Amino acid sequence: MAKYKKKRARELKHDRFRDTTMSLLDRTADRLEGKGRTILYALGGVVLAGILILLFMRWSGRKSDEARAALGRAIDIATATVSSSTTPDPTAGTVFASEEQRAQRAIEEFQKVADKYGDPYKAEARYFIATNKLVLDRSKGISDLNELSNSGVPEVAALAKFALAQTKESDGKLDEAAQLFANNPAVTAETANLKLAKVYEKQGKKKEAADVLFNLVDASRKAKGPDNLPLPPSAAAREAATALQSLDPDRFAKLPPEAS
């Protein structure tokens, strides 16, 4: 009898659960009665939106790949060999007879990228156009770099400032160059400081140049990796050490020894 009661209790409990569930489904069905088409439309809209998003992502990915490939082709031209030889090396790829000829062709290729694609590729292409204009029309190239230094693409703005710093240095505008080189995110801190030290040296600021070089090399020689082992010096750090040894041998002698 006890077993029967337990069994019956389970059956009743099951029946109550079933009844409650069915009642809830019935009430839900009543509320949605006549709205089936609206719900289907809503669900269809959600599915369609998902499909459109997926299609856009695939299209965007293809366009990005296409833009990168076009930018790469233009860069290949901008860095192609310049040779006046009548018998150029057949393994050298595209060869131009002059810097001007190469710059003009590069500008044409970068302009195609700028005309066809949006940022960041458009901004990057405009940066390369400006740097190549320095060969053909220096003042126009500098003007374009000034404009790009305020670009909404941070990497392009930093690169434009660094290119401007180099033009200022070569034009003898050393104060402006020093300001642009300082803390420029376009390059590593070591490279930026090495450039800054060279500008100071040209300005006759020997102590300031030596200070920058000493700090650069000192930090490099003390740097350690995650394994607590010394990091190898960068090319900029090695060049800075050589420059400091020539500029101020006494300061150079105070550097910590280079790690083996």
Side-chain angles (χ1 to χ4, degrees), residues 52-84 88-89 91-171 173 176-192 194-196 199 235-236:
L52 290 175
I53 290 171
L54 288 174
L55 289 174
F56 173 78
M57 290 175 66
R58 291 181 62 183
W59 174 82
S60 180
R62 286 198 298 270
K63 293 296 286 185
S64 294
D65 291 341
E66 185 182 304
R68 283 192 290 267
L71 200 58
R73 289 191 296 270
I75 291 173
D76 285 342
I77 291 173
T79 56
T81 302
V82 173
S83 174
S84 58
D89 182 358
T91 64
T94 305
V95 178
F96 293 95
S98 67
E99 295 277 353
E100 290 77 12
Q101 187 184 81
R102 182 180 67 179
Q104 183 58 51
R105 176 67 187 285
I107 288 172
E108 293 169 1
E109 291 301 313
F110 284 120
Q111 190 61 54
K112 292 177 184 177
V113 178
D115 291 342
K116 188 173 182 180
Y117 305 102
D119 286 337
Y121 310 106
K122 180 175 183 176
E124 290 169 359
R126 289 184 60 211
Y127 162 75
F128 284 113
I129 290 171
T131 55
N132 279 279
K133 279 183 181 178
L134 293 173
V135 178
L136 303 174
D137 186 344
R138 190 173 179 81
S139 61
K140 185 64 171 70
I142 291 173
S143 174
D144 288 353
L145 287 172
N146 267 313
E147 181 181 346
L148 287 167
S149 67
N150 296 313
S151 170
V153 181
E155 295 83 358
V156 171
L159 285 169
K161 288 177 183 177
F162 190 77
L164 275 175
Q166 291 178 307
T167 60
K168 300 293 184 182
E169 181 186 5
S170 62
D171 290 346
K173 299 177 180 179
E176 294 178 50
Q179 185 176 1
L180 289 167
F181 277 132
N183 302 316
N184 191 302
V187 292
T188 64
E190 289 182 341
T191 299
L194 178 61
K195 286 283 190 181
L196 181 60
V199 170

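Everything numeric here is computed off the predicted structure, so don't read it as measured data. Position 1 is the first residue of the sequence, and the numbers go up from there.
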Listed pairs under 3.5 Å, donor-acceptor, residues 110-117 side chains, sequence neighbours left out:
unit_1: Gln111; atom_1: NE2; unit_2: Asp115; atom_2: OD1; d: 2.9
unit_1: Lys112; atom_1: NZ; unit_2: Glu109; atom_2: OE2; d: 3.1
unit_1: Lys116; atom_1: NZ; unit_2: Glu66; atom_2: OE2; d: 3.0
unit_1: Tyr117; atom_1: OH; unit_2: Glu66; atom_2: OE2; d: 2.5

Legend entry - Partners passing side chain to side chain contact (heavy atoms under 4.5 Å, CB included) against Ala165 (at least two apart in sequence or in another chain):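 So Ala165 forms a side chain to side chain contact (heavy atoms under 4.5 Å, CB included) with Leu180, Phe181.
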To the nearest 0.5 Å, tell me how far [X] [atom1] sits from [Y] [atom2].
X	Y	atom1	atom2	value
Glu124	Leu148	CD	CG	11.0 Å
Ile77	Phe128	CD1	CZ	12.5 Å
Ser83	Arg102	OG	CZ	11.5 Å
Asp76	Thr94	CG	OG1	8.0 Å
Lys122	Leu71	NZ	CG	14.0 Å

Legend entry - Partner of Glu190 under side-chain contact (heavy atoms from CB on, under 4.5 Å), chosen from Leu194, Val187, Thr188: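 Answer to the side-chain contact (heavy atoms from CB on, under 4.5 Å) test with Glu190 among Leu194, Val187, Thr188: Thr188.
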Show the nearest heavy-atom pair for residues [X] and [Y], with the distance to one decimal.
X	Y	answer
Ala163	Thr131	CB-CG2, 4.4 Å
Asp137	Ser139	OD1-OG, 3.1 Å
Ser149	Ala157	O-CB, 3.4 Å
Gly141	Lys133	CA-CB, 3.8 Å
Asn184	Ala158	OD1-O, 3.3 Å

Legend entry - Over 12 foreign heavy atoms within 6.0 Å of NZ, Lys168: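 It does: Lys168 NZ has more than 12 such atoms within range.
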Inset, instruction - Evaluate side chain to side chain contact (heavy atoms under 4.5 Å, CB included) for Leu136 paired with Ile107, printing each intermediate quantity in order. - result: CA-CA 10 Å; Leu136 303 174; Ile107 288 172; 3.7 Å; yes
Heavy-atom distance under 4.5 Å between the side chains of [X] and [Y], does that happen here?
X	Y	result
Lys195	Gln166	yes
Gln101	Arg105	no
Leu145	Leu134	yes

Legend entry - From CA spacing to verdict: side chain to side chain contact (heavy atoms under 4.5 Å, CB included), Glu108, Gln104: CA-CA 6 Å; Glu108 293 169 1; Gln104 183 58 51; 3.5 Å; yes
Inset, instruction - For Asp171 and Lys173, indicate whether the former's side chain and the latter's backbone hold a donor-acceptor pair under 3.5 Å. - result: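 Here the side-chain-to-backbone pair does not exist.
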Legend entry - Evaluation steps, side chain to side chain contact (heavy atoms under 4.5 Å, CB included), between Lys140 and Asp144: CA-CA 6 Å; Lys140 185 64 171 70; Asp144 288 353; 2.7 Å; yes
